[in-house]
Amino acid sequence: MARFLIVEARFYDTFNDLLVSGARAALAEAGHEVETICVPGALEIPGAIALASESGRYDGFVALGVVIRGETYHFEIVAGESARGILALTMDGVPIGNGILTVENEAQARVRADPAEKDKGGEAARAAIRLLELKNNFSGN
Ligand SMILES: Nc1c(NC[C@H](O)[C@H](O)[C@H](O)CO)[nH]c(=O)[nH]c1=O
Ligand SMILES: CC(=O)[C@@H](O)COP(=O)(O)O
């Protein structure tokens, strides 16, 4: 059993509830413990994971959030830089699954957040589980 932390940017409650539900179901199915914390937006997720990882209290992380395109370039920043920050941590050995939806509208978000549809929350959790398995295998644990 491992301990995972879900770090969610709770920008859209309805979609986040669906994403968290899917991630929790995947982690429970694999027999892992899970805690959840909230941050203001997707840009804060990589920093929150970095801080939590330094604590040594968690084995893996699931990043969840919803970024919906608005009128300005800010979408590219929020979507791209949150992903870049997560990948930088992953490349540094932190098992993270990225379930931050980056979509054009709410209809696209709903289909991807719903565990009965594309289940991107569950998908991100399974990715984090797999990365932790690889980390443990490569380190001989
Ligand atoms: N527009 C969305 C944001 N924007 C907020 C940023 O993520 C960040 O919190 C702010 O720039 C302060 O640093 N965040 C989302 O998660 N989703 C959005 O659609
Ligand atoms: C993804 C965003 O940051 C977006 O929701 C902000 O909307 P806008 O670009 O219209 O300010």
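Order of listing sets the numbers, starting from 1, for every ligand and every atom in it.
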remark   = Logged contact type for Ile77 with ligand 2, heavy-atom cut-off 4.0 Å, is neither
ask   = What's the shortest heavy-atom distance between Leu101 and Ala109, and which atoms?
value = CD1-O, 3.5 Å
query = What's the shortest distance from atom 10 (O) of ligand 2 to any protein heavy atom, and which residue and atom give it?
reply = Glu71 N, 2.7 Å
task = Using atom types as modelled and distance alone, determine if a side-chain donor or acceptor of Glu81 lies under 3.5 Å from a backbone N or O of Val78.
result = no
inquiry  = Give me the residue, atom name and distance of the protein heavy atom closest to atom 7 (O) of ligand 2.
reply    = Gly70 CA, 3.7 Å
List below, pair by pair, the N or O atoms of ligand 1 and of the protein that are less than 3.5 Å apart, including the distance to 0.1 Å; reply 'none' if no pair qualifies.
from, atom 1, to, atom 2, distance (Å)
ligand 1, 7 (O), Ala42, N, 3.1
ligand 1, 7 (O), Leu43, N, 3.2
ligand 1, 9 (O), Glu44, OE1, 2.6
ligand 1, 13 (O), Glu44, OE2, 2.6
ligand 1, 16 (O), Ala42, N, 2.9
ligand 1, 17 (N), Val66, O, 2.8
ligand 1, 19 (O), Ile68, N, 3.4

task = Report yes or no: do Ile129 and Leu134 belong to one cluster of Ile/Leu/Val/Met/Phe/Trp/Tyr joined by side chain heavy-atom distances under 4.5 Å?
result = no
query = In terms of atom number and element, which parts of ligand 2 are under 4.0 angstrom from non-hydrogen atoms of Ile68?
reply = 1 (C), 4 (C), 5 (O)
ask   = Is the closest basic N to carboxylate O distance between Glu123 and Lys120 below 4.0 Å?
value = yes
remark   = the protein heavy atom lying closest to atom 6 (C) of ligand 2 turns out to be His74 ND1, 4.3 Å
request  = Inspect the contact between Glu76 and Arg69 and indicate whether a charged nitrogen and a carboxylate oxygen are less than 4.0 angstrom apart.
outcome  = yes
ask   = For ligand 2, which part of Val67 has a heavy atom less than 4.0 Å away: the side chain, the backbone, both, or neither?
value = side chain
key: Spacing of Cys38 atom SG and Glu8 atom CD [to the nearest 0.5 Å]   = 3.5 Å
ask   = Do Ser53 and Tyr58 have side chains that get closer than 4.5 Å, going by heavy atoms?
value = no
Heavy-atom nearest neighbour in the protein, as seen from atom 11 (O) of ligand 2, with distance rounded to 0.1 Å = Thr72 OG1, 3.7 Å
note = Distance col, row Ile6:CD1 vs Thr36:OG1, nearest 0.5 angstrom, shows 4.0 Å
message = Show every ring-ring contact (aromatic ring centres under 6.0 Å, His included) that has at least one partner inside residues 8-54, sequence neighbours left out.
response = Phe4-His32
